Number of protein chains: 4
Amino acid sequence: MKTRDKIILAALELFNESGEPNITTNHIAAHLGISPGNLYYHFRNKEEIIHSIFDQYAHDLSIHFQPLEHQQITADDLLVYLDSVFMLMWRYRFFYANLPDILQRDPELQQKYLAAQEGLHKDIMAMMASFRSGGLLDIEEEELENLATTLKLVASSWISYQTTQAPGAKITKAVLYQGVLHILGIVRPLTTAEGKAQVLQLKAHYRAQIEKEA
Amino acid sequence: MKTRDKIILAALELFNESGEPNITTNHIAAHLGISPGNLYYHFRNKEEIIHSIFDQYAHDLSIHFQPLEHQQITADDLLVYLDSVFMLMWRYRFFYANLPDILQRDPELQQKYLAAQEGLHKDIMAMMASFRSGGLLDIEEEELENLATTLKLVASSWISYQTTQAPGAKITKAVLYQGVLHILGIVRPLTTAEGKAQVLQLKAHYRAQIEKEA
Amino acid sequence: MKTRDKIILAALELFNESGEPNITTNHIAAHLGISPGNLYYHFRNKEEIIHSIFDQYAHDLSIHFQPLEHQQITADDLLVYLDSVFMLMWRYRFFYANLPDILQRDPELQQKYLAAQEGLHKDIMAMMASFRSGGLLDIEEEELENLATTLKLVASSWISYQTTQAPGAKITKAVLYQGVLHILGIVRPLTTAEGKAQVLQLKAHYRAQIEKEA
Amino acid sequence: MKTRDKIILAALELFNESGEPNITTNHIAAHLGISPGNLYYHFRNKEEIIHSIFDQYAHDLSIHFQPLEHQQITADDLLVYLDSVFMLMWRYRFFYANLPDILQRDPELQQKYLAAQEGLHKDIMAMMASFRSGGLLDIEEEELENLATTLKLVASSWISYQTTQAPGAKITKAVLYQGVLHILGIVRPLTTAEGKAQVLQLKAHYRAQIEKEA
DNA sequence: TATGAATGAGAATTCATTCAT
DNA sequence: GATGAATGAATTCTCATTCAT
């Protein structure tokens, strides 16, 4: 692996562990056993490292979320989707813990972030619309937008929220799966009978995952 | 006003404006035209200022949220409640933008925060239960908990979320009212016919508020 | 007791406990429950407090050490003398722990200190000379000076020396009595047979004191 | 010379000149014409600088004081020994002026200091025992311990004592040699005739040294 | 006499960043 | 590509001292 990539990886790891504001560029270099000068040979500044991490995140995002618009979406698709979303949030969780501060400093990152968010929003809208037209969701069309925003907001706040609730607790996969369960719980009251069955099936799946982790 | 209170106020103002990590104790002192020594005469350290701001927040909270458990809760009660919640979140918005970091540093604050959260959760649960037993909400009992958490999470993430969505936009009251509207939108699909009428009425109220602000 | 005197007393107490450089004027005021302003009403600055403590020390010294030059000095006189010396050193022990620094800052104090030292030196010289002429000490006259200096040096360094030897140990009276024993141990090899008897008697006395303290 | 060593040297110099509590890390950096940041690149904090100075002192000590236990010790050995002791005390004199305070702050240094002291004590005991068995010292065995402690105490307090005696006087080599003379004066009355001759010879040597310096 | 808020210089330390090699 | 010493502005915090009341 190239040094540049090693730096990105180490930074991500350390940021996730201790929070971006608590990790200095020297920490990153020391963690890799390279000199600070070398780090600055590959990156103009700390911001650029964060930028690169975000680019990687956006890349991961684009790989996992191919447009699903045309086809009929199944519960299995949703499962794959939720898995991916939460796994990405897990991989880049430091990001979610400091989003306002990080974005405020860096308008360019803001733009990129918004673009990514828009993609996500479209994805979710497409899925929900598909579920609705497929007779799984019993919800008025004008309420779709609101639902999509809620889901996005809950998903993207989940880790941060858990951090604030449990004093020094580590965020584990089980916590993420609980997030998925929570999201399914939001959708559940809005389903048709058929939809309810599928949601309950998904919930069972994630409950089993949580058991496995324990 | 006492200098101690002026410091709390100035800190709150500056934190809200620029984010707590970007405001130093010297900034606060300079903003007030006092010496750093004077600031440290009134507060042992920066943490204690944040602590005091939180105490004020908790105090405001306790004033606005008297237990409503015994009586039948009306839509007007909910309106008052939502108004208060969002107004408080507005007054102490820096807090919500950095919660994980702020709490991580200060275990004592964690405790206080959790206690306050518990109170909020009980309030929301009581209201939702009342709406349900009053025939306004059509939702299974075991889903109440999930709903309450969703509402709390959405409410407490709203400002932070908006900050990330709108590049450098100032958070205005209109933005807060949109948060209320969003929350009502979450509840709407779960209402009975009677409940729906009341929710729509509330939504109309808040849309009018937004118009006024514009 | 007047405030001024209370300040001197409190300062002495705190200095002895924690070392003069570690005690601020605010500590002293807080300890007495008075305001810093009040403290500075009675003393121009911290130095003046130290000065006043020294004056008290010098005063104590002058009371305890009346010139003994004319009469024949007995072992009992020596006992009284040693008791007094070590008790004074105990009362003002912070002073001995920081002497070079304290005197360096304050030339006037230097002068006073030297004057006091001179008195002490004369006292010791007089005693030793008396012991010698009384046939208790077997020592050449030109060695008297050296002996007196040694005794003074050992006495005044004793507390400081013990502090450096025993990590965090409190200086107790027993430690002081050991200092006396040490001094007697210096004199012992220089005594005549008669002198030896008296020294041994004194040593027995102080050993008993140490037992009592334990 | 490496910057790290320059810092140690400059700190030692300034500490000796003005007292450790009066020299800040900024003073040291300014004295060397380097930035405070650079100083902190080489040392974590001020304490670590003092630590390093002590390590150097301990190193010097170990070089100069090879165990002399096995052989018969001569007056020349003593001369070399005294020369070394006082030269070291001169090189690190700031240390001796603030020992109680410095050691109190830093328990690790305490340990190191005690270890060094123990070595010194053994050295002195070995020399005195050798002189005694060699028929130079006329002293009872149980008084050896007391004598060793006295010598150590007088030696280690000498500079500090002189500082308090002579107002603003610089500590010169002559002052150190007077310390040696004083120590010889303590031993003198305890010698046999043969020992006396050797002590007087040593004293003559040091008196000559003082003359040279003047 | 006494209060207690206020001052301001300066202490130790941090950290993103630069630069000669 | 890489090193690591060096920078310097900034940050938190301290404390002897002043001063209006």
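All values reported here derive from a predicted model rather than from experimental measurement.
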With Ile7(C) as reference, evaluate Asn38(C), Thr25(C), Ile53(C), Leu32(C) under the side-chain contact (heavy atoms from CB on, under 4.5 Å) test and give the passing residue.
Leu32(C)
Residue mapping more 5' on DNA chain F - nearest nucleotide basis, Arg4(A) or Arg4(D)
Arg4(A)
Return yes when atom CZ of Arg44(B) has more than 12 non-hydrogen atoms of other residues, nucleotides or ligands closer than 6.0 Å, and no otherwise.
no
Expressed in angstrom and rounded to an integer, what is the separation of Tyr41(B) atom OH from dA16(F) atom C1'?
15 Å
By side chain to side chain donor-acceptor pair (under 3.5 Å), which residues pair with Gln104(B), not counting sequence neighbours?
none
Going by the rule side chain to side chain donor-acceptor pair (under 3.5 Å), which residues pair with Glu13(A) if we only count those two or more places apart in sequence or in a different chain?
none
Closest-nucleotide mapping onto DNA chain F: is Thr3(A) or Leu39(D) further toward the 5' terminus? I mean the 5' end.
Thr3(A)
For residues Glu20(A) and Ile102(A), report the shortest heavy-atom separation together with the two atoms involved.
OE1-CG1, 4.3 Å
Base-pair string, DNA chain E, Watson-Crick plus G-U, cut-off 3.5 Å on both distances, | for inter-strand, is .||||||||||||||||||||
Closest non-hydrogen contact found for Ile23(A) with Ile28(A) is CG2-CG1, 3.8 Å
Please find the earliest and latest nucleotides of DNA chain E, in the 5' to 3' direction, that have an atom within less than 4.0 Å of any heavy atom of chain A.
dC15(E) to dC19(E)
For Ser52(A) and Phe43(A), which heavy atoms make the closest approach, and how far apart are they?
OG-CE2, 3.4 Å
Could I get the full list of side chain to side chain donor-acceptor pair (under 3.5 Å) partners for Asn98(B), not counting sequence neighbours?
Asp101(A)
Protein-to-nucleotide contact annotation, 5' to 3' order, nucleotides 8-13 of chain F [B base; S sugar-phosphate only; - none; under 4.0 Å, heavy atom]:
B--SBB
Answer with yes or no whether the side chains of Arg93(B) and Thr163(B) bring together a donor and an acceptor at under 3.5 Å.
no
Working note: Ile49(A) + Leu39(A), criterion side-chain contact (heavy atoms from CB on, under 4.5 Å); need CA distance, chi angles, decisive distance, verdict.
CA-CA 10 Å; Ile49(A) 300 177; Leu39(A) 186 147; 3.9 Å; yes
Candidate list Phe15(D), Phe94(D), Tyr113(D), Tyr92(D), test ring pair (Phe, Tyr, Trp, His ring centres under 6.0 Å), partner Tyr57(D), passing option
Tyr92(D)
Nearest-Å distance, CD1 (Ile34(D)) to P (dG4(F))?
18 Å
Measuring only the C1' atom in each nucleotide, how far is dT21(F) from dT1(E)? A whole number of Å is fine.
13 Å
